[in-house]
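Inspection log for the structure reproduced underneath, given as structure tokens.
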Amino acid sequence: MVDIVKASGVPQKFDVRKLADSLMRSGAPEDVALDIARKVGRQVPPEASTKAVFRMAKRLLRRHNRVSGMRYSLKNALYALGPAGFRFERYIARILKAQGYSTAVDRIMDGYCVKHEVDVLATRKGEHFVVECKYHSDGGTATDVKTALYVHSRFVDIRKACELKPGHPRGVHYGMLVTNTRCTSDAIKYAECVGLRVMSWKYPDKESLERTIEDRKLYPASILHSARKRTLEALFSHNIILAQDIASMGEQVLVRKSGIDHATARALKREAEALCPCD
């Protein structure tokens, strides 16, 4: 087994089973996933990056099934929401809305000490969540405990101001950190200790970011192979954020709303409908 290098720079042994499992989560049958993982294992050079391994696996997977290939690209699709974090914030607002929250983005809220710009304010069943979205363009950058401390301290300042307002019911506000990368163990430990909600890559187990996206097919438009940089700018500027959005509208409507050309709209529609078929 050759050594490969993780995004963090830490070397690890190439694991055929681990790669096959990730391919199976994208919808590949077990025999296909194992075959692809073994082919990658035979071809991967020593000290290759995990990103290079991913590209090799994705290329082979797309030959088998285009939809599985797109699903396998989810992590990269989230990175493609950059370079700034505002697209990620709007994407997270859409995810929360699909979970039954009413949402508002870029809200200025009074704190006890200072005012705060809140990425997303989410409300459901009388409970209010102050959501901070931490976007990273690099998978090697984990969200650390300093971020968790910062998010919680802002939430505490906002909660204190809210609780001092006449007639405000206590205990209805929560702080939440959402990030597209993993959280460090200290960040998770601190969040669990103080009651800060977290949604990140691989955490929490049943409600992690990628699990939530997969379960509800809330894929960002950036997951579509035909969505190039300029196309994504046009889509997001017209609030077309999810692949579901594209799948649910007609080609003419998509062209009119986004300003993209018919050929691109047709390609996006085909991919989005395959990824998010109407029930």
Side-chain angles (χ1 to χ4, degrees), residues 6-8 10 12-13 15-30 33-34 37 50 53-54 57-58 61 68 70-79 81 88-89 91-101 103 119-120 122 124-125 127 129-136 138-152 155 174-220 223 242-244 275-276:
K6 299 171 66 175
S8 61
V10 176
Q12 67 176 23
K13 294 292 182 184
D15 188 331
V16 169
R17 186 71 245 183
K18 185 175 180 180
L19 178 58
D21 287 344
S22 72
L23 291 164
M24 288 167 62
R25 286 195 295 273
S26 299
E30 184 174 8
L34 283 169
T50 51
V53 172
F54 164 81
K58 185 176 76 168
L61 182 59
S68 294
M70 284 190 286
R71 292 176 63 189
Y72 194 60
S73 304
L74 177 58
K75 186 179 288 188
N76 277 4
L78 294 177
Y79 297 148
L81 293 175
F88 183 63
E89 294 164 14
Y91 174 57
I92 295 303
R94 288 296 303 275
I95 288 179
L96 293 171
K97 189 174 181 179
Q99 293 178 308
Y101 293 87
T103 61
D119 291 338
V120 183
R124 184 173 68 177
K125 297 179 181 178
E127 295 181 337
F129 292 75
V130 175
V131 184
E132 182 78 13
C133 300
K134 187 63 176 177
Y135 164 81
H136 296 286
D138 182 1
T141 307
T143 299
D144 60 19
V145 69
K146 293 192 293 294
T147 301
L149 285 160
Y150 162 74
V151 173
H152 184 64
F155 158 67
Y174 299 90
M176 187 174 186
L177 166 63
V178 182
T179 179
N180 63 315
T181 60
R182 290 178 182 265
C183 286
T184 65
S185 57
D186 277 352
I188 291 171
K189 186 176 180 180
Y190 174 78
E192 290 177 344
C193 180
V194 299
L196 177 68
R197 308 288 179 92
V198 173
M199 181 191 292
S200 67
W201 196 261
K202 301 296 183 185
Y203 180 88
D205 183 41
K206 294 183 179 180
E207 296 180 331
S208 62
L209 180 59
E210 77 280 9
R211 186 80 175 263
T212 300
I213 294 169
E214 288 282 0
D215 287 350
R216 294 175 178 264
K217 292 184 170 56
L218 299 170
Y219 302 105
I223 203 169
L242 303 181
Q244 283 182 2
L275 190 63
C276 308

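Worth knowing before you read on, the calculation uses all heavy atoms, side chains too, and leaves out hydrogens, waters and symmetry mates. Positions are given from 1, in the same order as the sequence printed here.
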Looking only at atom types and distance, does a side-chain atom of [X] sit under 3.5 Å from a main-chain N or O of [Y], one as donor and one as acceptor?
| X | Y | value |
| --- | --- | --- |
| S73 | N76 | no |
| T181 | T141 | yes |
| T179 | K134 | yes |

Notebook entry, point to check: Got a sec: does the CD of E207 have more than 12 other heavy atoms crowding it under 6.0 Å?
Noted result: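 Open.
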
Next item on the list: Provide the full list of salt bridge (charged side-chain N to carboxylate O under 4.0 Å, His left out) pairs with a residue in residues 187-202, sequence neighbours left out, each pair given once.
Entry: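 Listed once each, the pairs are K202-E210.
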
Shortest non-hydrogen contact between [X] and [Y], atoms and distance:
| X | Y | answer |
| --- | --- | --- |
| Y219 | L74 | CD2-CD1, 4.3 Å |
| Y135 | L81 | OH-C, 4.2 Å |
| L177 | A148 | CD2-CA, 4.4 Å |
| D119 | C133 | OD2-N, 2.8 Å |
| L209 | N180 | CD2-CA, 3.8 Å |
| T212 | L218 | O-CD1, 4.3 Å |

What distance do [X] atom [atom1] and [Y] atom [atom2] have between them, rounded to the nearest 0.5 Å?
| X | Y | atom1 | atom2 | value |
| --- | --- | --- | --- | --- |
| Q244 | R216 | CD | CZ | 10.0 Å |
| L19 | T50 | CG | OG1 | 11.0 Å |
| F129 | L96 | CZ | CG | 9.0 Å |
| S185 | D144 | OG | CG | 11.0 Å |
| K58 | S22 | NZ | OG | 13.0 Å |
| Y174 | L196 | OH | CG | 13.0 Å |

Notebook entry, point to check: Is the closest basic N to carboxylate O distance between R25 and D21 below 4.0 Å?
Noted result: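 No, R25 and D21 are not salt-bridged.
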
Next item on the list: For the residue pair Y190 and H152, categorise the inter-ring angle as parallel (less than 30°), tilted (30 to 60°) or perpendicular (more than 60°).
Entry: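 Rings of Y190 and H152: perpendicular, as their planes differ by over 60°.
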
Mind checking whether [X] and [Y] have side chains closer than 4.5 Å, heavy atoms only?
| X | Y | result |
| --- | --- | --- |
| L34 | R17 | yes |
| P220 | Y91 | yes |
| Y101 | V120 | no |

